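No experiment lies behind these values; they were computed from the predicted model shown. Atoms within a ligand are numbered from 1 in the order they appear, just like the ligands themselves. Numbers here simply count residues along the sequence, with the first being 1. FYI, side chains are in, hydrogens and waters are out, and symmetry mates aren't considered; it's all heavy atoms of this structure.
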Amino acid sequence: MSASVAALERELGVRLVARDGRGIRLTPSGQALAGYAVQSLALLEQGRDAALAATHPGRGRLRIAAVTTAGEYVVPPIIKAFRLRFPEVEVFLEVGNRAWVFERLRERQADIGVGGRPPGTGAFDGLPFLDNELVVVAAPKHPLAARRSVDPHHLADDVWLLREPGSGTADTTEEFLAEVGIQPPTVLRLGSNGAVKQAAAVGLGVTLISAQAVSLELSAGTLARLRVRGTPIRRRWFLLTLRGAFLPGPAQGLLDFVGTPTVGRALRDALRRRPPAG
Ligand code: PGA
């Protein structure tokens with residue numbers, strides 16, 4: 001055990017680590033302190049950034065944690081527009097599931113989250129900046145692809161392709177299926193939007209997915225939208241921040257920037273992609 005841990009234990013009068021076989025593990029007190037230590041170190045790093053930015057406005061770091069679909073399709077065009085406006089800010093983007101995004105914000109390892117609506121606990125603020133419509137897609141040769149309107153019950157016996165547990169898309173799909181009263185006999189779990197899209201395109205099943213994730217495939221004709229009643233399901237994307245946390249300049253810059261026509265144009269251009277001609 002290091003001398004500084006031993007000194008801290010003496011100061012606090014509690015054990016922080018305990019022997020565990022050949023190694024050591026944190027005691028409950030150690031675990032409690034570790035959470036604060038992570039946040040303190042992250043806050044110190046933010047302090048360094050703030051000190052730098054005070055002398056060199058426009059410089060600094062922007063750390064974004066986004067849920068998968070937003071990280072793959074929505075955030076890159078925003079970063080591109082942001083970098084044109086703030087070329088000296090270093091941008092970091094990490095992608096994970098919803099619970100992880102909130103954890104990164106809570107631990108101050110990310111300044112801004114991007115995801116669906118914040119939980120109703122009041123711990124996070126959410127700034128909506130873009131609509132997110134979820135649609136049902138399948139292979140173009142799906143028998144219901146040409147229909148103007150599809151009763152959801154006609155998809156009751158299809159294989160449903162679901163993202164991994166913990167993904168917002170999977171949660172929305174499960175809510176939708178429960179709402180329309182469908183219990184598909186077969187559900188396949190696939191761990192990425194790419195895998196789900198490819199599986200749907202080869203005719204493995206149908207899936208509910210953000211229209212932004214399939215704009216290219218729909219316009220190229222490698223996937224077809226099924227016009228299922230009750231869809232599109234309308235959601236919104238939010239910029240998320242930890243309520244009461246210090247917001248570094250670049251993060252505040254993004255919050256102010258995201259509602260501007262420049263970002264609106266960048267998103268429209270990127271999300272209504274057409275396949276290259278020829
Ligand atoms: P996902 O998140 O990409 O992890 O499914 C999307 C969402 O939260 O709406």
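Counting only residues at least two apart or in different chains, side-chain hydrogen bond (donor to acceptor under 3.5 Å, both in side chains) contacts with residues 135-149 comprise His142-Asp158, Ser149-Arg229. Pairs of residues two or more places apart, or lying in two chains, that qualify as salt bridge (Lys or Arg N to Asp or Glu O under 4.0 Å) and include a residue from residues 189-199 are Glu174-Arg189, Lys197-Glu217.
Every protein residue with a heavy atom nearer than 4.0 Å to ligand 1 is included here: Val67, Thr68, Thr69, Arg163, Ser167, Gly168, Thr169, Trp237.
The environment of Arg225 atom CZ is dense: over 12 non-hydrogen atoms of other residues, nucleotides or ligands sit within 6.0 angstrom.
Checking Gln212 against Trp237 by side-chain atom types alone, a donor-acceptor pair falls below 3.5 Å.
Classified by interplanar angle (parallel below 30°, tilted 30° to 60°, perpendicular above 60°), the ring pair Phe124/Phe102 is tilted.
Residues forming a salt bridge (charged side-chain N to carboxylate O under 4.0 Å, His left out) with Glu164 (at least two apart in sequence, or on another chain): none.
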